[in-house]
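Below: one structure, written as structure tokens.
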Amino acid sequence: MAAGLRAIQATTYTFERHQPNGVKTVLDRSGCKEKDLKRRYVAEVITATGREEVIADWKLARLGAAGTCFLIGVGGVALLTVLVLIEVLF
């Protein structure tokens with residue numbers, strides 16, 4: 001159950017993403033001089049990249065936790081199977 005919950009979190013949660021070429025940001029930059037325009041565009045790209053990195057790290061952490069939970073579950077089932085076999089055979 002925990003593995004499924006973590007995997008669902010990683011794959012279905014959506015975040016508001018910052019797009020440097022979005023309509024709002026382009027309109028905000030439209031009144032700038034060319035020199036300022038390039039600087040603001042680069043700043044927007046760096047900001048968007050930083051935000052995407054944080055989101056990617058969060059999603060990868062959730063997928064890693066899902067994998068760990070899955071391995072613990074499989075290990076538990078294997079251990080219980082061994083214990084039942086020992087009980088039956090001896």
Side-chain angles (χ1 to χ4, degrees):
M1 296 271 299
L5 177 64
R6 294 295 185 184
I8 286 174
Q9 283 179 338
T11 57
T12 61
Y13 281 15
T14 58
F15 297 88
E16 184 176 329
R17 298 182 184 233
H18 181 75
Q19 298 180 0
N21 291 329
V23 174
K24 183 182 180 299
T25 54
V26 170
L27 288 175
D28 287 345
R29 291 192 309 258
S30 64
C32 295
K33 298 176 185 175
E34 186 175 346
K35 182 177 161 182
D36 292 336
L37 182 67
K38 289 179 183 179
R39 186 177 335 121
R40 286 187 66 186
Y41 177 73
V42 170
E44 295 279 344
V45 170
I46 291 170
T47 301
T49 303
R51 290 179 183 175
E52 293 295 322
E53 184 178 357
V54 170
I55 292 169
D57 289 343
W58 184 87
K59 286 185 176 258
L60 287 173
R62 290 296 178 268
L63 288 174
T68 301
C69 290
F70 182 76
L71 287 176
I72 290 170
V74 169
V77 168
L79 177 65
L80 290 174
T81 302
V82 168
L83 291 175
V84 167
L85 284 174
I86 290 173
E87 181 70 26
V88 168
L89 295 176
F90 298 107

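Values reported hereafter were calculated over all heavy atoms of this structure, with side chains retained and with hydrogens, waters and symmetry mates removed.
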| message | Other members of the hydrophobic cluster containing I46, with the 4.5 Å side-chain heavy-atom rule, please. | response | V42

| request: Of all the heavy-atom pairs spanning C69 and A2, show the shortest one and how long it is. | output: SG-CB, 3.8 Å

| field | For L37, the rest of its hydrophobic cluster, which grows through side-chain links under 4.5 angstrom | value | none

| note | Contacts satisfying ring-ring contact (aromatic ring centres under 6.0 Å, His included) that involve residues 71-90 (not counting sequence neighbours) are none

| message | Nearest 0.5 angstrom please: R62 CZ to I8 CD1, how far? | response | 13.5 Å

| note | side-chain hydrogen bond (donor to acceptor under 3.5 Å, both in side chains) pairs touching residues 64-90, sequence neighbours excluded, are none

| Who pairs with A65 by side chain to side chain contact (heavy atoms under 4.5 Å, CB included), at least two apart in sequence or on another chain? | R6

| Which pairs, with at least one residue in residues 38-55 and sequence neighbours excluded, count as a salt bridge (Lys or Arg N to Asp or Glu O under 4.0 Å)? | R17-E52, E34-K38, D36-R39

| request: For residues 57-79, pull every pair meeting ring-ring contact (aromatic ring centres under 6.0 Å, His included), keeping only residues two or more places apart or in separate chains. | output: Y13-W58, F15-W58

| said: Connecting only ILVMFWY residues whose side-chain heavy atoms lie within less than 4.5 Å of each other, what is the rest of V45's hydrophobic cluster? | reply: Y41

